[in-house]
Amino acid sequence: MYLSWLRYLAAFAALLLAQVLVLNHIHLFNCATPLLYLYMVLLFPRNYPKWGSLLWCFCLGLGVDIFSNTPGVAAASMTLVALVVPYFFELFLQRESAEDLHPSIPSLGIGKYILFTLVITLLYCITFYSLETFSFFNWQQWLLNIGGSTLLTSILIIVLDNLRER
């Protein structure tokens, strides 16, 4: 119990520091920002309490909001994604899989994991950039931000998960 709690705390701190100190300053082609802290949502196993994942993700989003000057945008987006991830996770798993299974490349397979990551990241980016922009006046830039950030974040999450499993 305490060991898993310490792992989540270490992941929380590492992802928050990486996002705030490094990744927030990267804007590829003025449309793609890596949002690697979204990986925290994918660390929770299948049987983890929903209130726990909601609390962890809200606190991480709030931490990113505090240091990035985005009032509530990341917290709301992370909370929404943490709310729907267990339901999406059930779509990608077999019924006879273990209860303590967490989403990863070995547990889902490479194809399902890439699709799962893309869906979750796309949902997060749509929510994040819709709340951040709060208008569709410049909808081309909005679509470019969603597409670029989804692709860049998904690639980084897949690489990080592949390195973590080794």
Side-chain angles (χ1 to χ4, degrees), residues 1-27 32-93 97-110 112-129 131-132 149-150 152-166:
M1 170 80 176
Y2 292 113
L3 186 60
S4 67
W5 192 79
L6 286 175
R7 278 190 209 146
Y8 291 129
L9 189 61
F12 179 92
L15 289 171
L16 180 64
L17 286 174
Q19 185 67 40
V20 169
L21 297 176
V22 178
L23 299 175
N24 275 351
H25 304 289
I26 299 172
H27 303 289
T33 302
L35 305 167
L36 191 61
Y37 59 95
L38 181 61
Y39 185 62
M40 181 77 177
V41 176
L42 301 177
L43 292 178
F44 299 112
R46 182 179 188 184
N47 65 349
Y48 200 78
K50 289 184 179 91
W51 67 268
S53 62
L54 284 170
L55 186 63
W56 277 108
C57 291
F58 173 77
C59 290
L60 182 60
L62 189 63
V64 170
D65 282 334
I66 288 169
F67 293 110
S68 302
N69 198 20
T70 54
V73 174
S77 302
M78 284 290 285
T79 306
L80 175 72
V81 170
L83 183 68
V84 299
V85 159
Y87 302 108
F88 279 121
F89 193 41
E90 294 297 324
L91 295 175
F92 289 91
L93 283 180
S97 59
E99 283 295 318
D100 61 343
L101 189 70
H102 71 279
S104 63
I105 293 174
S107 65
L108 292 177
I110 188 73
K112 284 185 179 180
Y113 186 75
I114 290 173
L115 185 61
F116 179 70
T117 304
L118 280 171
V119 167
I120 295 302
T121 308
L122 180 64
L123 175 67
Y124 179 80
C125 287
I126 288 172
T127 307
F128 183 84
Y129 286 110
L131 289 174
E132 185 182 52
S149 295
T150 299
L152 184 61
T153 303
S154 296
I155 289 170
L156 286 175
I157 287 174
I158 291 166
V159 167
L160 185 62
D161 190 69
N162 196 19
L163 290 176
R164 192 176 67 93
E165 294 297 326
R166 290 183 183 186

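Values below: every heavy atom of this structure, side chains too, minus hydrogens, waters and symmetry copies.
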Taking atom [atom1] of [X] and atom [atom2] of [Y], what is their separation to the nearest 0.5 Å?
X: C125; Y: L152; atom1: SG; atom2: CG; value: 9.5 Å
X: L55; Y: L60; atom1: CG; atom2: CG; value: 11.5 Å
X: I26; Y: L156; atom1: CD1; atom2: CG; value: 8.5 Å
X: L122; Y: T127; atom1: CG; atom2: OG1; value: 9.0 Å
X: K50; Y: Y87; atom1: NZ; atom2: OH; value: 4.0 Å
X: L160; Y: L15; atom1: CG; atom2: CG; value: 7.0 Å

Report task. Could you walk me through whether V85 and S53 pass the side chain to side chain contact (heavy atoms under 4.5 Å, CB included) test, one step at a time? Result -> CA-CA 10 Å; V85 159; S53 62; over 6 Å; no
Could you pull out the closest heavy-atom pair between [X] and [Y], with the gap in Å?
X: M40; Y: F44; value: O-CE1, 3.3 Å
X: D161; Y: I105; value: OD2-N, 3.1 Å
X: T121; Y: T117; value: OG1-O, 2.6 Å
X: G63; Y: L16; value: C-CD1, 3.6 Å
X: A74; Y: D65; value: N-OD1, 2.9 Å
X: L42; Y: P103; value: O-CG, 3.4 Å

- prompt: Does the side chain of T153 reach to within under 4.5 Å of the side chain of L36, using non-hydrogen atoms?
  reply: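 Not in contact.
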* Side-chain contact, heavy-atom cut-off 4.5 Å: L83 with T79? ->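 No, side chains not in contact.
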Notebook entry, point to check: Do you know which of L35, V41, V73 makes side-chain contact (heavy atoms from CB on, under 4.5 Å) with M78?
Noted result: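 When side-chain contact (heavy atoms from CB on, under 4.5 Å) is applied between M78 and each of L35, V41, V73, only V41 qualifies.
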Would you say the rings of F116 and F88 are close, in the sense that their centroids are separated by under 6.0 Å?
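Centroid separation for F88 and F116: 6.0 Å or greater.
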Checking the side chain of T33 only, and the main-chain atoms of S149 only, is there a donor and an acceptor separated by less than 3.5 Å?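 No, the answer is negative, given that no donor and acceptor are paired below the 3.5 Å cut-off.
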Using the six-membered ring wherever Trp is involved, compare the ring planes of Y124 and F128 and label them parallel, tilted or perpendicular (cut-offs 30° and 60°).
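Rings of Y124 and F128: parallel, as their planes differ by under 30°.
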request  = Using the six-membered ring wherever Trp is involved, compare the ring planes of Y8 and Y48 and label them parallel, tilted or perpendicular (cut-offs 30° and 60°).
outcome  =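 If you compare the ring of Y8 with that of Y48, the planes turn out perpendicular.
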Looking at F12, I want to see if its CZ is surrounded by more than 12 non-hydrogen atoms of other residues, nucleotides or ligands under 6.0 Å.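 Yes.
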Taking it one step at a time, do W56 and L9 satisfy side chain to side chain contact (heavy atoms under 4.5 Å, CB included)?
CA-CA 9 Å; W56 277 108; L9 189 61; 4.2 Å; yes
